[in-house]
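Below: the structure, in structure tokens.
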Amino acid sequence: MLPLSRPDLLLSDAFLAGRPHAGAERFAVTNPATGALLAEVTDCTPEDAAQAIEAATQAQRDWARQTGKARAAILRRWHDLVIAHADDLATILTAEMGKPLAEAKGEILYGAGYIEFYAEEAKRLYGETLPGHQSDKRLIVLRQPVGVVGAITPWNFPNAMIARKAAPALAAGCAIVVKPAAETPLSSLALALLAQEAGLPDGLLSVLPSTWAASIGQEFCDNPRMRKISFTGSTNVGRILMRQGAAQIKKLSLELGGNAPFIVFDDADLDAAVEGCLLSKFRNAGQTCVCTNRIYVQDAVHDAFVAKLAAAVAALPVGDGFAPGTAIGPLISPAAVEKVRDHVSDATAKGATLVTGGAAHALGGTYFQPTVLSGVTAEMAVAREETFGPLAPVFRFQTVDEVLAAANDTDFGLASYVYTGSLSRSWQVMEGLEYGMVGVNTGLISTELAPFGGIKQSGTGREGGRQGIEDYLELKYCCLSV
Ligand code: SIN
């Protein structure tokens, strides 16, 4: 039993149009740290998805007619409830996902930030009046909700990735049907219950746990009432959704894979760079889309940086997310461990040096030692593929042009990081990096206040900031002859 002050937040039935839905089949949700069974949840079917979309379509009409201020009040209450229950939500999150409890609490506050931000934005969906092209014409641009939205969300941020889709969608006047990751449905069900307690009308937010990800995705794409899909996950699945959505020209927001470079110049504050690198590489045990994947260090400071980084990485406490002091929890699955192991052995076989870590952790299960490799080159798999685990590969470089070419030599373009003491170099590199986001002298860029998203094969659309609500709005141009 999880130590919850509100045990009823641990739901196992799907949340379909405001009501618990037991369904015919169930699947097990387990704690990745211990393998313990947490719940047997409803395994929703494409028919359930169709039902949720139908209910959302009905509910959305009234919701869109409400004032932004009325929608804002409900979202604000939802935010307040999330904050009030942050400890319970963090406990559920750590139990199903494995990240350290303090990090889980950070995620809950991060997610709540999106709800608060978009509660405020609901009141600011301004249209425009334009000068007419003829003297009797008055031109107006309205911003109207897209309609019913489908969200497909990942296991690495079981709370925040839902909050940052649902909050702008609801603020804009849309309804949303969420298919959370099968590994982590419990956080999303708890969020939905709190939204209902905040006064969100039934049907506007359904949560459908399912192991039938592909069929639910197909229903989202094929159902003409579903006007938009917002997906966070792999580039491969993003590509499938694009293909499937093509028949109906489905609107898509895609937050996909990354291959983030982390560049350290010889004029950087090395201690700050190591600290930033730990944050950006080892947050969530390396399991975020914005995690550093390639570390480029300029020749003159390379050895000093590697020594400092290796010492800091070797000292990271690995353990159960509920154990005090844990910095690195278990990985989500045995397959995730295999990927890290493959990247380590590919790199060392091709000449990289293992500086620290490199193997399964003595704790067993899906724990892996935080690892640093040096002497990494462009021929190794880690240069091209996202590891999604606690592996820090270090490359050596000489010049700005060389490192920009190497950093941009990837199909991805989500996050990037640079450490330098020079303002002009900051600008040069910031402008030269082909990425949707750049952190300069910081390893943590995520905030609800800014537009999060990528270019190239890292996706399309933005989440967060005033830009994040645009993905849930259509423009309607009206021409009045007066
Ligand atoms: C992600 O990994 O997809 C999200 C990371 C973040 O919001 O910081």
Side-chain angles (χ1 to χ4, degrees), residues 90 93 97-100 102-118 151-168 178-181 183-184 187-188 191 229-238 241 252-260 262 276-293 329 331-333 336 339 385-391 412-417 435-439 442-465 467-468 471:
L93 202 163
M97 195 266 137
K99 69 175 65 172
E103 228 181 291
K105 180 87 177 275
E107 180 181 336
I108 302 302
L109 302 182
Y110 176 43
Y114 285 98
I115 304 176
E116 180 183 50
F117 185 89
Y118 288 110
I152 305 177
T153 57
W155 50 262
N156 61 342
F157 286 85
N159 174 295
M161 295 306 102
I162 292 170
R164 85 177 181 196
K165 296 180 192 307
V178 179
K179 208 293 288 166
E183 294 85 346
T184 57
S187 294
S188 54
L191 260 181
I229 298 171
S230 178
F231 168 69
T232 297
S234 72
T235 295
N236 270 344
V237 173
L241 289 171
L252 289 175
S253 291
L254 302 173
E255 201 259 276
L256 308 175
N259 183 7
F262 185 101
C277 189
L278 287 184
L279 262 177
S280 106
K281 174 67 252 184
F282 292 96
R283 174 173 172 232
N284 204 9
Q287 304 173 110
T288 86
C289 300
V290 289
C291 268
T292 287
N293 202 55
L331 299 191
I332 192 69
S333 64
K339 179 137 199 216
E385 295 168 21
E386 198 175 23
T387 307
F388 234 65
L391 165 61
F412 301 98
L414 190 60
S416 55
Y417 307 88
Y435 287 82
M437 298 177 281
V438 186
T442 177
L444 192 59
I445 53 175
S446 305
T447 164
E448 76 277 11
L449 305 177
F452 184 108
I455 62 171
K456 294 162 81 178
Q457 294 186 29
S458 288
T460 174
R462 291 295 180 269
E463 297 188 304
Q467 296 85 353
D471 283 28

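Both counts, for ligands and for their atoms, begin at 1 and track the order of listing.
Residue-ligand proximity, Phe452 to ligand 1, at heavy-atom distances under 4.0 Å covers atoms 4 (C), 5 (C), 6 (C), 7 (O), 8 (O). Heavy-atom contacts of Cys289 reach the following atoms of ligand 1: 1 (C), 2 (O), 3 (O) (cutoff under 4.0 Å). For ligand 1, the atoms closer than 4.0 angstrom to any heavy atom of Glu255 are 1 (C), 3 (O). Each of the following atoms of ligand 1 lies closer than 4.0 Å to a heavy atom of Asn156: 1 (C), 2 (O). Counting atoms of ligand 1 from 1 in the listed order, those under 4.0 Å from a heavy atom of Arg164 are 4 (C), 7 (O).
Counting protein heavy atoms only, atom 5 (C) of ligand 1 is closest to Phe157 CE1, 3.6 Å. Nearest protein heavy-atom contact of atom 7 (O) of ligand 1 is Tyr110 OH, 2.7 Å.
Classification of Glu103 and Arg283 as a salt-bridged pair fails, no side-chain N sitting under 4.0 Å from a carboxylate O.
With a 4.0 Å heavy-atom cut-off, ligand 1 is reached by the side chain of Ser446 but not by its N, CA, C or O.
At least one heavy atom of Arg283 lies less than 4.0 angstrom from ligand 1.
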* side-chain hydrogen bond (donor to acceptor under 3.5 Å, both in side chains) evaluation trace for Asn293 with Asn259 -> CA-CA 5 Å; Asn293 202 55; Asn259 183 7; 2.9 Å; yes
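In this structure, Lys179 fails the cation-pi test against Phe231, since its NZ or CZ atom is not both closer than 6.0 Å to the six-membered ring centre and inside 45 degrees of the ring normal.
At least one side-chain heavy atom of Phe412 sits under 4.5 Å from a side-chain heavy atom of Thr235.
For ligand 1, the polar-atom distance check finds no N/O of Thr288 at less than 3.5 Å from any of the ligand's N/O atoms.
Under 3.5 Å, the side chains of Ser187 and Asn159 contain no donor-acceptor pair of N or O atoms. Tyr118 and Arg164 share no donor-acceptor pair across their side chains, judged by distance under 3.5 Å alone. With hydrogens and angles left out, the side-chain atoms of Ser253 and Lys165 include no donor and acceptor closer than 3.5 Å.
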